[in-house]
Structure formats: structure tokens, C-alpha cells
Protein chains: 2
Amino acid sequence: MATIFHGLADDPARARSASDIAEHIRRAIASGDLAPNERLVEQDLARDLNTNRSVIRTAFAHLEQQRLLVREPNRGVRVRTYTALEAVEILETRAALEGLVARCAAKRIDGEGERALRGIIGEMRACRDSGDLLAYSQLNTRLHRTVLEIANHETATMLLSSLQSQAVRYQFRTVLQPGRIAQSLGEHEAIVQAIVAHNEDDAERTMRAHIGSVAQTVLAIGGKDLTALKAI
Amino acid sequence: MATIFHGLADDPARARSASDIAEHIRRAIASGDLAPNERLVEQDLARDLNTNRSVIRTAFAHLEQQRLLVREPNRGVRVRTYTALEAVEILETRAALEGLVARCAAKRIDGEGERALRGIIGEMRACRDSGDLLAYSQLNTRLHRTVLEIANHETATMLLSSLQSQAVRYQFRTVLQPGRIAQSLGEHEAIVQAIVAHNEDDAERTMRAHIGSVAQTVLAIGGKDLTALKAI
DNA sequence: GTTGCCAACATTGTCGACAATCATGGCGAC
DNA sequence: GTCGCCATGATTGTCGACAATGTTGGCAAC
């Protein structure tokens with residue numbers, strides 16, 4: 001049997017911790033090296049990754065809790081399959097949670113946070129003008145993370161990161177079609193405007209509208225080939 | 001050293017699986033037998049619960065992901081402490097998620113679901129008249145669970161159960177003060193009415209108002225002695 | 001040809017032993 | 001008397017071996 005981790009088993013000599021292994025497997029799932037429903041055998045992974053079964057087992061335990069793997073008793077674990085329905089569910093849930101976060105951010109925003117948000121919006125506008133989609137996508141991630149920091153809502157942050165880790169099962173390709181960038185920027189501007197104005201209702205509403213818009217785009221592009229939850 | 005699980009180590013001969021052990025520890029935390037910040041030693045638990053360290057370790061891995069335990073590298077795990085701030089966060093997050101769930105329930109409700117919800121409301125009214133607080137509290141749990149089933153939203157259900165498992169850290173005492181039961185019933189009636197009318201906006205709004213009301217009650221009663229997230 | 005049983009195999013679950021790491025307390029130097 | 005170092009002990013992290021379990025394939029009976 002060929003190794004499961006083709007080129008991924010780099011530096012076979014180095015020992016790795018359980019969380020390293022878990023991250024490794026997560027990437028393998030994200031990149032498609034591990035197919036949905038594929039079975040993972042503890043002994044094989046231990047050999048391929050130059051470690052032992054205990055480490056693999058604890059890594060599995062973590063990934064199992066993050067719903068990336070499913071365990072069948074006495075039969076080991078499989079890569080969890082995802083459905084289009086589930087993609088929609090994840091986006092709906094993100095909308096609810098990010099709405100809450102935006103609301104908290106609007107409540108707590110201060111001068112420093114306002115400067116940070118306005119700075120990112122400024123850079124986004126530059127990207128729109130230069131047409132740099134990749135940079136825009138990164139700014140997008142940064143904007144959402146900044147809102148999370150301003151909100152300072154540990155519980156929501158944790159749940160959102162859990163959703164994010166499930167989203168690795170989608171291929172990350174940029175969803176930014178021509179035209180979408182302008183719409184996305186407009187939505188982001190509305191969100192920031194509401195937050196800096198301490199307008200909690202508008203903050204939640206615009207954030208939810210934004211993620212709803214992303215969902216529409218994803219579904220329109222994706223169909224069965226669901227791509228890119230990343231660029232929100 | 002005395003055993004950590006006083007009377008809890010019932011039937012010391014029976015072997016338990018990792019998930020049994022995890023449930024055991026969860027109860028111990030909920031009941032207060034394990035104090036916040038208390039350190040858990042793998043060897044001791046393995047002895048007290050008549051099992052071995054491997055089982056304890058996998059149980060720890062699960063509880064750690066549920067944020068009931070925190071691990072310090074090479075120092076083992078502790079019972080996670082919770083703060084009043086976190087209690088508020090959990091309620092806020094529940095409100096956001098249950099609002100989403102209520103919305104989905106309003107979208108999908110059918111004749112069978114309507115009968116179930118109306119049945120529960122009927123029983124609740126009987127409890128109000130008879131003053132049976134305990135039965136009311138159980139109906140309350142059943143109502144929320146039924147709404148979850150109608151909504152059929154796996155992702156939100158999972159996140160909510162994760163929040164619930166964190167809430168075990170609060171003492172379960174009934175929060176139903178005299179007078180609160182009438183208010184609670186009114187809120188539940190409004191939620192059910194919105195759901196069966198397929199009114200998604202109202203469903204979300206009333207559910208969020210309801211949980212907000214619970215939060216107020218909990219905070220008013222609790223203060224530092226936060227009790228009873230259960231009776232919502 | 002089909003069905004049912006049995007044996008061999010593959011894989012997970014369990015367990016104890018050893019190694020690595022961190023905290024604690026004593027001892028001596030200053 | 002206080003500070004810093006070192007030895008000791010306690011606990012987690014790692015590892016390999018064995019037991020339990022489920023699966024697969026072959027063989028025989030019908």
C-alpha cells in the first residue's frame with residue numbers, strides 16, 4: 001500500500017506532537033489528499049509519520065471532536081463526508097454568530113479599534129482599485145478577525161473557530177469574481193460604519209446580510225462543487 | 001489521600017469505557033465534587049475508577065475539547081474555572097443560536113410538529129395551574145429540544161449541546177421563582193405561536209427575547225452565585 | 001449454485017513499563 | 001538569614017506487547 005501522505009511526510013525523522021499530527025491530518029483533508037469517507041488506520045499513519053499509535057490516537061480524538069473524523073467502534077475512524085446541506089448550515093450558523101460578534105463590537109468599539117477598522121477598509125479600497133484579489137481576500141480575513149478582537153467574545157470566537165476548522169473540508173479557492181469585490185467592499189463598509197457608530201442593531205443586520213450574500217455567491221458558483229468558504 | 005469520587009465510585013468492579021468516564025467526570029464537575037481549578041491526576045483517577053491511564057487520557061481529551069478541563073503541558077489537566085462574564089457570554093451565544101433554530105423551525109414546521117408543540121404548551125399550562133415547578137422545568141427542556149428537532153439543524157444543535165456541556169459547571173437549581181413561571185409560559189407561548197404561523201422573524205425575535213429574559217433572571221438571582229442555566 | 005460455518009487475518013482497545021519533564025525541598029555558600 | 005544549586009520525587013508523555021473484536025475468504029453441505 002502506498003503511503004497515505006504522498007509528499008506530505010516531509011522530514012520523516014522528526015518526531016511530532018499530537019497536535020502537530022492533528023494539524024497535519026487536517027491539512028491533508030483540506031488539500032484533498034485524504035478523500036471523504038477514507039479510512040485511517042492508526043498503525044499505517046504511525047509508520048508514515050514516524051511516531052506511534054498513542055500519538056495518532058490522541059490526534060484522532062481531537063479531530064473527532066472537531067467533526068473532521070467519525071469513529072466507528074472497533075472499526076476505527078473515517079474522514080467525515082460533508083453535504084451541500086451542511087455547507088449551508090455552517091454559513092447560517094456563522095451568520096448568527098458573527099452577527100452577535102458584530103453587535104458586541106459595536107458596543108465596545110473604541111478609538112483604537114475604529115482606526116484599525118478604517119485602516120483595513122482603506123486598504124480594501126486600494127485593492128479594489130488595483131484589482132488585487134488575493135490581497136483583498138487576506139484583508140477580508142483580517143477584517144473579520146479584527147471585529148472578533150474588538151468584540152472580545154471568547155465563547156463566540158471559540159465556536160466560530162470550530163466552524164472554521166470544519167470548513168477546511170471545502171477547497172479554498174477564491175470566490176471573488178469580477179464584480180463581487182465591489183459588492184463585498186460595500187458590505188464591509190456598511191458593517192464598519194455601523195460598528196464605529198455604536199449602532200448594535202445595524203452592526204448585526206449588516207453582518208448577517210453580508211454573510212447571506214456570501215452564501216448566495218458560494219451556492220451560485222458552487223452547486224455540487226462547493227468551493228471557498230474562505231473569502232467571506 | 002482520600003478518593004476524589006466519594007460515593008461516586010459505585011460498583012468498583014465494573015469496567016467503564018472512555019465516554020462513561022468522561023460522563024462521570026462531567027457529573028462530578030457539575031455536582032461540585034470536583035472544585036474549579038482542581039487538578040486531576042491520571043493515575044489516581046485510573047485507580048479510583050478501576051481502569052487504566054489510557055482510558056482516562058482519552059476521556060480527558062474529550063473533556064478538554066469541551067472546555068471543561070484545561071491542559072498544561074507536562075503538568076496535566078485542571079478543572080476549568082468559569083467567570084460571571086463567561087456565563088453571560090454563553091447565554092448570549094445560546095440566544096443567537098436558538099434564534100437561528102427557531103427561525104428554521106418556523107420554516108419547516110408541519111402538522112406533526114405543531115401538535116407536539118401545542119401539546120407541550122398545554123401541559124405547561126397545567127403545571128402553571130398546579131404549581132408543579134419541577135415538571136414545568138422538564139417540559140421546558142422538552143420544548144426546546146422539540147424545537148431543535150423540528151428545525152433539523154445539525155450544526156446549530158451540535159454547538160448548542162457543546163454550550164450545554166459547558167453549562168454543567170453551574171449548579172443546577174431551579175430558577176423558577178414564583179411569578180417567573182407565568183412570564184416564562186407567556187414567552188414560550190409566543191415562540192410556539194410564531195413557529196406554527198411560519199413567521200420566521202417573530203420566531204427568532206421571541207426566542208431571543210425569551211433567552212434574554214432568562215439571562216436577566218439568572219443574573220438578578222445569581223450575582224456572584226450564578227445558578228441554574230438549566231431552566232430556560 | 002447457494003448457503004452457512006469456521007479459521008485466519010487485520011485492526012482497534014487495553015495495559016503496563018520506561019523515559020522525559022517539572023515541582024519540591026534540602027543543603028551549602030555567601 | 002537568604003539565595004541559588006542540586007537531588008529527589010511525582011506526574012505526564014511515549015512506546016511496545018497482548019487481548020478483544022470485527023472482517024474476509026475458503027470450504028463443505030445441501
Side-chain angles (χ1 to χ4, degrees), chain A residues 1-5 9 11-25 28-29 34-80, chain B residues 1-5 9 11-25 28-29 34-80:
Chain A
M1 188 203 309
T3 171
I4 296 177
F5 293 89
D11 192 2
R14 201 176 72 212
R16 294 173 179 82
S17 75
S19 52
D20 291 338
I21 301 289
E23 182 58 29
H24 205 106
I25 297 173
I29 294 174
L34 291 176
N37 221 36
E38 181 163 344
R39 190 162 165 207
L40 298 185
V41 175
E42 297 176 358
Q43 186 66 57
D44 295 348
L45 263 71
R47 179 171 28 78
D48 292 350
L49 298 175
N50 282 93
T51 180
N52 59 15
R53 279 181 55 212
S54 305
V55 177
I56 301 292
R57 279 178 78 80
T58 69
F60 279 3
H62 289 176
L63 295 167
E64 199 183 338
Q65 287 286 331
Q66 291 173 354
R67 303 197 1 138
L68 289 173
L69 301 179
V70 285
R71 152 161 269 116
E72 310 166 43
N74 289 312
R75 303 257 354 237
V77 299
R78 289 183 180 281
V79 177
R80 188 156 172 275
Chain B
M1 188 203 311
T3 171
I4 296 175
F5 293 89
D11 191 0
R14 203 175 73 209
R16 294 174 180 81
S17 74
S19 52
D20 291 338
I21 300 289
E23 182 59 29
H24 204 107
I25 296 174
I29 294 174
L34 290 176
N37 222 36
E38 181 163 344
R39 188 160 168 210
L40 299 184
V41 175
E42 297 176 0
Q43 187 66 56
D44 295 347
L45 264 70
R47 180 171 26 79
D48 292 350
L49 297 175
N50 281 92
T51 180
N52 59 18
R53 279 181 56 211
S54 305
V55 177
I56 300 292
R57 279 178 78 83
T58 68
F60 279 5
H62 289 177
L63 295 167
E64 198 184 338
Q65 287 286 331
Q66 291 172 353
R67 307 209 341 150
L68 289 173
L69 301 178
V70 285
R71 153 160 269 117
E72 309 166 43
N74 290 312
R75 301 258 356 234
V77 299
R78 290 182 178 280
V79 177
R80 186 156 173 275

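Each chain gets a letter, A, B and so on, in the order the sequences are listed, and its residues count up from 1. Everything quoted here is computed from the prediction, not taken from an experiment.
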Point to revise | Whole angstrom value for the distance that separates P of D/dC18 from CD of A/Q43 | key: 14 Å

Review point. For the side chain of B/V41, counting heavy atoms from C-beta on, which of C/dG13, D/dT12, C/dT14 is nearest?
Key: D/dT12

Review point. Relative to the 5' end of DNA chain D, which residue comes earlier, A/S54 or A/P73, by the nucleotide with the nearest heavy atom?
Key: A/S54

Exercise for review: Would you mind telling me which of D/dG13, D/dT14, C/dC15 lies closest to the side-chain atoms of B/R53?
Suggested key: D/dG13

Practice item. Could you check how far CG of B/D20 sits from P of C/dG13, rounded to whole Å? Key: 14 Å

Exercise for review: Specify the separation, in whole Å, of atom CG of A/N50 and atom C1' of D/dT14.
Suggested key: 15 Å

Review point. Can you check whether A/I21 reaches A/F60 side chain to side chain, under 4.5 Å on heavy atoms?
Key: no

Practice item. Taking the side chain as every heavy atom from C-beta outward, state whether A/Q66 and B/Q65 have any atom pair closer than 4.5 Å. Key: yes

Exercise for review: Provide, to the nearest angstrom, the distance between the CD1 atom belonging to A/I56 and the C1' atom belonging to C/dT12.
Suggested key: 14 Å

Review point. Counting side-chain heavy atoms from C-beta on, which of D/dG16, D/dG13, C/dC15 comes nearest to B/V55?
Key: C/dC15

Review point. Quick one: does B/I29's side chain get under 4.5 Å of B/L69's, heavy atoms only?
Key: yes

Check your understanding: Got a donor-acceptor pair under 3.5 Å from the side chain of A/R75 to the base of C/dG13?
Key -> no

Revision key, fill the gap. Regarding the side chain of A/E42, the nearest nucleotide among D/dT12, C/dT11, C/dG13 is C/dG13

Practice item. Write down the distance between CZ (B/R47) and P (C/dG16), rounded to a whole number of angstrom. Key: 14 Å

**Study point:** Student check: side-chain heavy atoms of A/I25 and A/L68 closer than 4.5 Å
**Key:** no

Exercise for review: Using atom CZ of A/R57 as one end and atom C1' of C/dC15 as the other, report the distance to the nearest whole Å.
Suggested key: 12 Å

Practice item. Rounded to the nearest angstrom, tell me the gap between atom CZ in A/F60 and atom P in C/dT11. Key: 12 Å

Check your understanding: Within the structure shown, what part of the strands sits under 4.0 Å from A/N74 by heavy-atom distance: base, sugar-phosphate, or nothing?
Key -> sugar-phosphate

Study note, to complete from the structure: When rounded to whole Å, the CD to C1' distance for the pair B/E72 and D/dT11 reads 13 Å

Exercise for review: Indicate yes or no: does B/R78 engage B/E38 in a salt bridge with an N to O separation below 4.0 Å.
Suggested key: no

